[in-house]
Every structure is written in structure tokens, then in C-alpha cells.
Amino acid sequence: IEVSSALAANLPKYDFDTYLDIEAHASNRHEYFHGYIYAMAGGELNHDTIKMTVTLILGDKLSASSCFMTSSDFKVATRNRDAVFYPDLAVHCHPRPKNKTTILEAPSFVLEVLSPSTRKFELTTKRKEYFRIPSLLHYLLIDSQAPSVLLYTREANQTWPKDPPSFTDPKATIPLTALKINLKLKDLYRQTGLL
């Protein structure tokens, strides 16, 4: 999402409840950012392939845990509901809601697959918003154009690293310590043709 401040000044602003009402009746998905509503861009093949591969891997590894996953069809709200995103994948390690909620606010893990059209937003603005979620422990970014993975892990003092580890070696292991899971880079890209 790239919107200049001049353009944003001409866009209507909505409160959170109005956004939810609009989204409930919309034919396509929209994200919410400090009062502004943005239509989501469509994905491309590698983006979807990586997302599905990670979903299958984590689903298998989390099958015996109390954590549950949500896909990019499900909304995650940031702190104070200032923003609402549809992450490619989220893992939640709290009791599963019993009501028919359409939005969750306490993920432990968020995955975003980077595409050319969303890369800058997910590395900067969206990252900062996700970091405001107290429960979030890992923010994983997987490049859809080349084998490259960034992993942000919340540190013991509750801060986030300025320079997160980057993984590009096909033999690299990516440690999701909060979930007690290790991912292998080669597995994440196994059906993309990028390795």
C-alpha cells in the first residue's frame, strides 16, 4: 500500500466499527489503517505457493499444541484497533474464541509473504503496527521473488531487534523459538522453482 500524504488527505476516514460493517458487506477484502480503508491487491503464484507450504508445515508441527492458525481470510487487529490486516498466516496461542468473531487481536506469530507491490509496506509501516501487539513474538517475512527470509523475534526485554537475522542459505534453519519449531529454508521454497 503506497499512498501519499496528499492523496490520503482527500480520502474519507472511518471509525473501526464502520470499517467492520463495510467489510462485512464487501465483495472483496480491505485492510484498515488509522481510519483509512484500502482494497487488498491480488496475489501471484509464488506468493500463494509459499503461503500454502508454510501453512502445511506449521499445521503439522502445531497439531499437538494448543495453538491454532488462521489464514489470510481472517482479520488481525493491532493495538487499540488502529489497524486491521489480513496476514498471510497467523498463529494464536490463547484459548480459541467460542463466539463467531471475525477478528482476533492476540497472535503469537505472523507471516507475511513479500511481493513487489506490498514489500515496502510490510517491511516498514505494517511491521511497526504489528510490533504494537503485546502478544506477538515472531514476525516472519518470506520473499516471493528470491530465497530470502527475515525473522523478527521479540527479545526478553520486550523490544524488537533493529537488524533481524536474514536467511538465504538453502540449508538454513529458521528458529521460531516461541513456538518451539524450526523451519528449513529449503522446505519453504520447495515448490517455487527458486532453489
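Not measured: the values here are computed from a predicted model. Just so it is clear, the values below take in all heavy atoms, side chains as well, and ignore hydrogens, waters and symmetry mates.
No donor-acceptor pair closer than 3.5 Å links the side chain of H138 to the backbone N or O of P175. At least one donor-acceptor pair under 3.5 Å links the side chain of Y19 to the backbone N or O of H30. Looking at S71, its side chain does come within 3.5 Å of a backbone N or O of D73 through a donor-acceptor pair. Counting only distance, with no hydrogens or angles, the side chain of T49 and the backbone of L45 share a donor-acceptor pair below 3.5 Å. Counting only distance, with no hydrogens or angles, the side chain of T78 and the backbone of A83 share a donor-acceptor pair below 3.5 Å. For N157 (side chain) and T159 (main-chain N/O), a donor-acceptor pair under 3.5 Å exists by modelled atom type. In terms of modelled atom types and a separation under 3.5 Å, the side chain of E31 and the main chain of Y86 share a donor-acceptor contact. Under a 3.5 Å cut-off, the side chain of R154 and the backbone N or O of L136 do form a donor-acceptor pair. At distances below 3.5 Å, not a single donor-acceptor pair connects side-chain atoms of S135 with backbone N or O atoms of S108. At distances below 3.5 Å, at least one donor-acceptor pair connects side-chain atoms of Y32 with backbone N or O atoms of F16.
Applying the ring-ring contact (aromatic ring centres under 6.0 Å, His included) test to residues at least two apart or on different chains, none of the pairs has a partner in residues 167-195. Within the structure, every pair that satisfies the ring-ring contact (aromatic ring centres under 6.0 Å, His included) test and touches residues 49-72, not counting sequence neighbours, is listed here: F68-H92, F68-H94.
Within 6.0 Å of CZ on R127 lie more than 12 heavy atoms contributed by other residues, nucleotides or ligands. Around the CD atom of Q191, the shell of radius 6.0 Å holds no more than 12 heavy atoms that belong to other residues, nucleotides or ligands. More than 12 heavy atoms of other residues, nucleotides or ligands lie within 6.0 Å of CG in D169, so this atom counts as buried by the packing criterion.
Contact annotation: the side chain of I50 never approaches that of L111 to less than 4.5 Å [non-hydrogen atoms, C-beta and beyond].
Salt-bridge check for E129 with K126: failed, with every basic side-chain N at 4.0 Å or more from each acidic carboxylate O.
Residues T101 and F74 come closest through the heavy atom pair O-CZ, 3.5 Å. In this structure, L179 and C93 approach most closely via the heavy-atom pair CD2-SG, 3.9 Å. Of all heavy-atom pairs spanning M69 and G59, the tightest one is CE-CA, 3.5 Å.
The six-membered or imidazole ring of F85 lies near that of Y130, with a centre-to-centre distance under 6.0 Å.
L104 and V84 fall into different hydrophobic clusters, defined by Ile, Leu, Val, Met, Phe, Trp and Tyr side-chain heavy atoms under 4.5 Å apart, directly or through other members. L114 and L89 fall into different hydrophobic clusters, where Ile, Leu, Val, Met, Phe, Trp and Tyr side chains are chained together by heavy-atom contacts under 4.5 Å.
A side chain to side chain contact (heavy atoms under 4.5 Å, CB included) with L183 is found for one member of T173, L140, I142 and no other, namely L140.
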- Show your working on side-chain contact (heavy atoms from CB on, under 4.5 Å) between K61 and K180 and close with a plain yes or no. CA-CA 9 Å; K61 292 180 179 291; K180 299 179 180 177; over 6 Å; no
